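Reviewing the structure listed below.
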Amino acid sequence: MKIKQRKINRFVDWVNAIKTIQFKLNQIGEEYGVSFDSHLILKLIEEKQAITPGQLAKEIGGGAPKTSRKINTLYRKGLITKEFGTPDDQRRVSLAVTDKGREVLALVGQAYEDWYANHIDEILEINGKLKY
């Protein structure tokens, strides 16, 4: 029974450490006006080019309402554009990153890389906690 409890405690420690990292990444992103999740969505839109909201929701594994809220936030901040309609389907929406969005991606990406470089030992230690 003690071994099982130790495994549970290690797992809880690992989850808490991951949450701490996510919190820090959100803090870094918020300095540039985006959460960590929003940064990942922005990055995915940039990589996929002309992705639809439905495709984006499938890619990130989030529900359509949550994805839609994040898209609208990025749109209101001027980080993405929404292009409505194609010759085949006037209801279709295509998303693209604006110049401002690319600038934010570069700045946040560099900030994340700098943080990662300074915390690699801590991150590796957290990863090691999952091993039993």
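As the structure is a prediction and not an experimental result, all values here were calculated from the model. Residue numbers run from 1 in the order of the sequence given.
A donor-acceptor contact closer than 3.5 angstrom links the side chains of Asn72 and Lys82. Between the side chains of Gln110 and Asp114, at least one donor N or O lies within less than 3.5 Å of an accepting N or O. Side-chain contact, Asn9 with Gln5: a donor N or O sits under 3.5 Å from an acceptor N or O.
Atom CG of Asp13 and atom CD1 of Ile8 lie 12.0 Å apart (nearest 0.5 Å). Rounding to the nearest 0.5 angstrom, the gap separating the OG1 atom in Thr81 from the CG atom in Leu74 is 11.5 Å. Taking CD1 of Ile18 as the start and CG of Leu25 as the end, the distance is 10.0 Å to the nearest 0.5 Å. A distance of 5.0 Å separates CZ of Arg102 from CD of Glu46, quoted to the nearest 0.5 Å. Here the CD-CH2 distance, from Gln27 to Trp115, works out to 10.5 Å after rounding to the nearest 0.5 Å.
Counting heavy atoms from C-beta outward, Lys4 and Lys7 have side chains that stay 4.5 Å or more apart. Looking at heavy atoms from C-beta onward, Lys48 lies in side-chain contact with Glu59 at the 4.5 angstrom threshold. The closest side-chain heavy-atom distance from Leu79 to Val34 is below 4.5 Å. The shortest side-chain heavy-atom distance between Gln22 and Asp37 falls under the 4.5 Å cut-off. Residues Pro53 and Leu95 have side chains in contact (heavy-atom distance under 4.5 Å, counting atoms from C-beta outward). Using a 4.5 Å heavy-atom cutoff, the side chains of Tyr112 and His39 are in contact. Side-chain contact between Trp14 and Phe11 is present, with heavy atoms from C-beta onward closer than 4.5 Å. Looking only at side-chain heavy atoms (C-beta outward), Ser94 and Ile51 stay at 4.5 Å or farther from each other.
Among all heavy-atom pairs drawn from Lys70 and Ser38, the shortest one is CD-OG, 4.0 Å. Minimum interatomic distance between Ala111 and Ile28 (heavy atoms only, all atoms of both residues): CB-CG2, 3.5 Å. When all heavy atoms of Ile60 and Leu44 are compared, the closest pair comes out as CG2-CD2, 3.7 Å. Contact record, Leu42 with Val97: O-CG2, 3.6 Å, taken as the closest heavy-atom pair. Here the closest heavy-atom approach between residue Gly29 and residue Val108 is recorded as CA-CG1, 4.4 Å.
Remark: Tyr32 pairs with no residue by the ring pair (Phe, Tyr, Trp, His ring centres under 6.0 Å) rule, at least two apart or across chains. Under the rule for a ring pair (Phe, Tyr, Trp, His ring centres under 6.0 Å), Tyr75 has no partner lying at least two apart in sequence or in another chain.
Formation of a donor-acceptor pair under 3.5 Å by the Thr52 side chain with backbone atoms of Val93 is not found in this model. No donor-acceptor distance shorter than 3.5 angstrom exists from the side chain of Ser68 to the backbone of Ala64, with no hydrogens or angles considered. Judged by distance alone, with hydrogens and angles left aside, the side-chain atoms of Thr20 form a donor-acceptor pair with the main-chain N or O of Asn16 at under 3.5 Å. Panel note: side chain Asn26, backbone Ser35; no donor-acceptor pair is recorded below 3.5 Å. Between the side chain of Lys100 and the main chain of Lys77, a donor-acceptor pair closer than 3.5 Å is present.
Under a hydrophobic-cluster definition in which Ile, Leu, Val, Met, Phe, Trp and Tyr are linked whenever side-chain heavy atoms come within less than 4.5 Å, directly or via other members, Val104 and Tyr116 are assigned to the same cluster.
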